[in-house]
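When a residue number appears, it is its place in the shown sequence, counting from 1. The structure presented is a predicted model; accordingly, all values stated were derived computationally and were not measured.
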Amino acid sequence: MGERRLKKLLWCCNHVLRLASWIVPRRQRVEWLREWEGEVWHWCHFLVESGRLSKRTEQELLRHCWGAFADATWHRFNRVAFLSFIHEWPRTPRFCIFAILAVLVVFLAGDPASIFSELIAPPPYTDAEHLITVFVVGRSPWLAPELLRDRIFQLSKEIPLITGVAAYAWRPSLVRGPSGTESILSARITPGLFGLLGVRPSLGRGFQESELPTCGNCIVLSDAIWRSQFHSDRHVVGQSLFLDGRRVEIIGVLPPHCRLAAREVGVLTPFGTGSRPLLPMYEWPGALLRIPAGVDPIEAKKVLETSMNRASSMPLNTRLGILSVKELEYEFLESCLTWFALAFLILLILMWRPVARLAITGPRGNVRDGFHWWMFFALKSALLLMVILVICLDLVHLAGLGSGGSTQSVMSAGAMWLFWIGTTMALAWSIRDHLGRCRSCLKRLGTQVNLRSAGDFFLERSGTELVCDGGHGILHIPLMQPSCVDSERWTHLDDSWSALFGEREEVFSGSQLTFLPRRTNWEEDDDD
């Protein structure tokens, strides 16, 4: 009975070991299997001869055999190389950049992606260079949208240079749909606006001149509102929502990245239906003109600006400005980048002490190391600022959905404060992370050496020294930063120190990657 039980146990153990041996590389498989089978064979016979063979010891032996899978895996993938990779990779500059990019991709996968992409993506307009926008100059008195609309249509009949015309008027509004209340910009437009832009609704249709008297409650949604309120429902046409407290019916949805005068307009309604009250000093008018493709846009803008500002029907002190849609988009992007750069510059000025530490302890004399040092800092900081920007857009968007009617100015102020606070924290972390890296390989300094305290010896170095594992240099951090005796500095180590630190050589053979320390000089002498 004991012999049969022993054979059954050996049979189960050998099958587990043979199954695990398929993981081991072929050139090591026979030797690995012989060692494991010999160990199991001696273990089984010891249990039989000592009378300790029981269900508990059998289970212990089988658990030990199942552990052969882990041992086989380490033979397939070198354990030393794997653990070295796990320890070293998080300290490299590539891991830092990849981690920030991963966070950015995760946040861009949600609603901020649409907001952020709409800020930077070009609008899908036909020949935007010959599409002229007319607007009221900032210091001019308020102009009624109907007055500008009538004047632009009259001017289009007098000047043959104009081949198409449309008017609009935008204002802040509140929209309430299935996903809650949201602060947006809405606009009244003339029916020919979509044809003038060369844009067709992705769902439904636009406004028709013949149905204006009966379409006072018709609206066209932007792509962003369609996604935020209706979650990209393809059957949204015919449904309704509330715009500034009144029920309206959806007849179409615009394609992505459609902006009106570089502004994100969420809901479009037709002009002249009388369904919405006039709001002096709260609604801003504008117009779009199309000029022929063969005409110089610069000369055409001069002629149109002269003709419009000489009009006797315009109110006193009212001045109209003219820009192409392409120039308007460039001005919008330029203003965003200017504010972005200004905020970054102000933060650098406020953090002049940490920035000065970066400059003082940075690499000296080696142009290549200095270039990599500052380029890595700029790239890391720029990516962090992009992450903060996207997170702020996400938080403000969520706050707008759940606020039950927050005004646009309050949300903009909240976004600015959130961005300022987040940017300050991100830049402080970026500087602190950069100060703790090697000035040559840009890896995080791992070895720390604590020097004597300040009270042990007078006028002696005290503090902490961080040493690069590759032997590139040592960062000395004094115990007292403002001390006139000792100061923070980076000491570069030349090749003469390589005998102490050694180097790491990558040896690749087959499917194994092995990291071997470079032999030092005294080890070579011992071999000789």
Side-chain angles (χ1 to χ4, degrees), residues 23-25 28 69-109 354 358 361-363 366 368-388 390-391 425-449 464-475 477 490-493 495 497-498 500-520:
I23 305 177
V24 181
Q28 304 175 11
F69 284 92
D71 184 66
T73 304
W74 287 127
H75 277 74
R76 168 64 66 175
F77 307 102
N78 186 274
R79 184 174 185 272
V80 177
F82 178 78
L83 294 179
S84 177
F85 176 80
I86 294 298
H87 176 70
E88 297 293 336
W89 172 246
R91 299 166 53 196
T92 60
R94 291 182 180 180
F95 175 82
C96 180
I97 297 299
F98 288 160
I100 300 175
L101 285 175
V103 175
L104 184 62
V105 169
V106 168
F107 278 95
L108 284 178
L358 279 178
T361 63
N366 194 327
R368 179 175 174 272
D369 289 346
F371 175 77
H372 291 167
W373 171 258
W374 290 109
M375 282 299 298
F376 176 55
F377 174 72
L379 178 60
K380 177 177 60 176
S381 302
L383 290 177
L384 283 173
L385 295 185
M386 291 180 63
V387 171
I388 296 301
V390 173
I391 293 177
M425 297 174 61
L427 189 59
W429 179 87
S430 179
I431 294 176
R432 185 170 63 252
D433 174 76
H434 217 64
L435 288 171
R437 292 183 177 272
C438 174
R439 275 52 175 172
S440 296
C441 62
L442 298 179
K443 291 176 59 177
R444 293 283 301 177
L445 298 173
T447 305
Q448 178 174 325
V449 179
T464 304
E465 286 186 346
L466 300 175
V467 185
C468 175
D469 293 345
H472 298 114
I474 299 174
L475 176 65
I477 303 176
W490 170 261
T491 303
H492 180 75
L493 301 179
D495 294 337
W497 290 83
S498 61
L500 177 62
F501 290 94
E503 297 178 357
R504 291 192 170 185
E505 301 175 354
E506 296 183 4
V507 180
F508 181 78
S509 59
S511 59
Q512 294 188 5
L513 179 63
T514 307
F515 293 87
L516 300 176
R518 197 182 75 90
R519 291 154 56 99
T520 56

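In this structure, the side chains of Leu358 and Phe377 come closer than 4.5 Å at one or more pairs of heavy atoms. You'll find the side chain of Cys468 stays beyond 4.5 Å of the side chain of Ser440, heavy atoms only. Between Asp433 and Lys380 the shortest side-chain heavy-atom distance falls below 4.5 Å. By the 4.5 Å heavy-atom criterion applied to side chains, Pro354 and Arg432 are not counted as neighbours. Side-chain contact between His492 and Pro363 is absent, with no heavy atoms from C-beta onward closer than 4.5 Å.
Below 30°, between 30° and 60°, or above 60°: for Trp89 and Phe95 the angle between ring planes is above 60°, a perpendicular geometry.
Counting all heavy atoms, side chain and backbone alike, Trp373 lies closest to Leu442 at CE3-CD2, 3.7 Å. Scanning both residues, Leu445 and Val467, for their nearest heavy atoms gives CD2-C, 4.1 Å. The shortest heavy-atom contact between Gly362 and Arg439 is C-CG, 3.9 Å. Nearest heavy atom pair, residue Val24 against residue Arg76, reads O-NH2, 3.5 Å. A pairwise comparison of heavy atoms in Leu101 and Leu383 identifies CD2-CD2, 3.8 Å as the closest pair. For Gly473 against Leu493, the heavy-atom pair with the smallest separation is CA-CG, 3.7 Å.
A distance of 12.5 Å separates CD1 of Ile23 from CH2 of Trp74, quoted to the nearest 0.5 Å. Separating the CG atom in Asp369 from the CH2 atom in Trp490 is a distance of 9.5 Å, to the nearest 0.5 Å. The line from CD1 of Ile100 to SG of Cys96 is 4.0 Å long, rounded to the nearest 0.5 Å. Separation of atoms NE2 (His472) and SG (Cys438) is listed at 5.5 Å; rounding is to 0.5 Å. Atom OG of Ser430 and atom CZ of Phe376 lie 7.5 Å apart (nearest 0.5 Å).
Side chains of Thr92 and Arg444: no donor on one and acceptor on the other come within 3.5 Å.
Other residues, nucleotides and ligands contribute at most 12 non-hydrogen atoms within 6.0 Å of the CZ atom of Phe371.
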- Just do the side chain to side chain contact (heavy atoms under 4.5 Å, CB included) check on Leu104 and Met386 with the steps written out, would you? CA-CA 8 Å; Leu104 184 62; Met386 291 180 63; 4.0 Å; yes
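A side-chain donor-acceptor contact under 3.5 Å links Arg437 to the backbone of Arg91.
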